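Everything numeric in this text was worked out from a predicted model, so none of it was measured.
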Amino acid sequence: MKLVIVTTVEAFHNDVIKLFKKSGIENFSESEIDGYKSAPTLLTTNSWFAHEKGGNESSLFFSFTTDDKIDNLFKLIEGYNNNLETNNPIRAVVLPIERNI
């Protein structure tokens, strides 16, 4: 068993749910998060409120699942990201689980 964590901007929220289900991962959790990127200095100085940096509405999904389902999910995410026209791809990581109850 491993832990898969996926993050995405809010615009792709429903698509990620579909990718989880299509990969065979039926049990997962999600949480709303704010995503941040460091803005180039030029953009920050041109801002009316230069000292304020806002986050992007994002989602974090996670599931404890098997390698085969994670492999399916990663293939689906790779295909999805290859067709994006933005610089905000879906991100995913896998962590091994040493013990669980």
Side-chain angles (χ1 to χ4, degrees):
M1 178 176 295
K2 294 186 179 175
L3 171 64
V4 61
I5 301 171
V6 176
T7 60
T8 185
V9 293
E10 189 61 29
F12 304 144
H13 174 268
N14 292 335
D15 294 338
V16 171
I17 291 173
K18 290 176 187 174
L19 294 175
F20 265 84
K21 291 182 178 182
K22 190 172 182 180
S23 69
I25 301 173
E26 294 290 333
N27 300 315
F28 56 90
S29 299
E30 70 169 293
S31 181
E32 293 179 6
I33 59 172
D34 288 330
Y36 293 88
K37 283 187 178 183
S38 298
T41 308
L42 180 61
L43 292 176
T44 303
T45 57
N46 287 336
S47 171
W48 183 262
F49 301 102
H51 65 283
E52 294 182 19
K53 293 182 182 179
N56 293 320
E57 291 182 6
S58 302
S59 296
L60 181 143
F61 296 84
F62 65 93
S63 179
F64 296 95
T65 191
T66 58
D67 284 331
D68 59 324
K69 292 179 181 179
I70 291 171
D71 290 342
N72 291 339
L73 179 64
F74 269 63
K75 287 176 188 172
L76 292 168
I77 291 173
E78 285 176 12
Y80 186 90
N81 284 343
N82 286 337
N83 295 317
L84 286 180
E85 295 181 10
T86 72
N87 62 349
N88 291 314
I90 297 171
R91 306 275 185 190
V93 298
V94 177
L95 303 171
I97 304 300
E98 292 183 27
R99 294 175 69 180
N100 65 53
I101 295 178

Q: What residues, two or more places apart in sequence or in another chain, satisfy ring-ring contact (aromatic ring centres under 6.0 Å, His included) together with Phe12?
A: Tyr80
Q: Could you pull out the closest heavy-atom pair between Gly35 and Ser58, with the gap in Å?
A: N-OG, 3.6 Å
Q: Evaluate the criterion side-chain contact (heavy atoms from CB on, under 4.5 Å) for residue pair Phe62 and Val6; output intermediate values, then yes/no.
A: CA-CA 6 Å; Phe62 65 93; Val6 176; over 6 Å; no
Q: Can you list, pair by pair, the side-chain donor-acceptor contacts under 3.5 Å of residues 17-24, counting residues two or more places apart and other chains?
A:
from  : atom 1 : to    : atom 2 : distance (Å)
Ser23 : OG     : Leu19 : O      : 3.3
Ser23 : OG     : Phe20 : O      : 2.7

Q: Rounded at 0.5 Å granularity, tell me how far CD in Glu26 sits from OG in Ser63.
A: 10.0 Å
Q: Got a second to check how far Met1's CE is from Lys69's NZ, nearest 0.5 Å?
A: 9.5 Å
Q: Kindly state each residue pair satisfying side chain to side chain donor-acceptor pair (under 3.5 Å) with at least one member in residues 1-10, sequence neighbours excluded.
A: Lys2-Asp67, Glu10-Ser59
Q: Asn81: which residues meet the side-chain hydrogen bond (donor to acceptor under 3.5 Å, both in side chains) condition with it, sequence neighbours left out?
A: none
Q: Is Ile90 linked to Leu3 within one hydrophobic cluster, defined over Ile, Leu, Val, Met, Phe, Trp and Tyr using a side-chain heavy-atom separation of less than 4.5 Å?
A: no
Q: With the 4.5 Å side-chain cut-off for hydrophobic clustering, are Tyr36 and Val93 part of the same group?
A: no
Q: Does anything in residues 82-99 pair up under side chain to side chain donor-acceptor pair (under 3.5 Å), and if so which pairs, sequence neighbours excluded?
A: Lys37-Asn88
Q: The criterion is side-chain hydrogen bond (donor to acceptor under 3.5 Å, both in side chains); which residues satisfy it with Asn14, sequence neighbours excluded?
A: none
Q: Answer yes or no: does atom CG of Asp34 have more than 12 heavy-atom neighbours from other residues, nucleotides or ligands under 6.0 Å?
A: yes
Q: For the residue pair Thr65 and Phe28, establish whether any side-chain heavy-atom pair is separated by less than 4.5 Å.
A: no
Q: How about Ile5 and Leu95: do any of their side-chain heavy atoms sit closer than 4.5 Å?
A: yes
Q: Are Val9 and Ile33 grouped together when hydrophobic residues (ILVMFWY) are joined by side-chain heavy atoms under 4.5 angstrom apart?
A: no
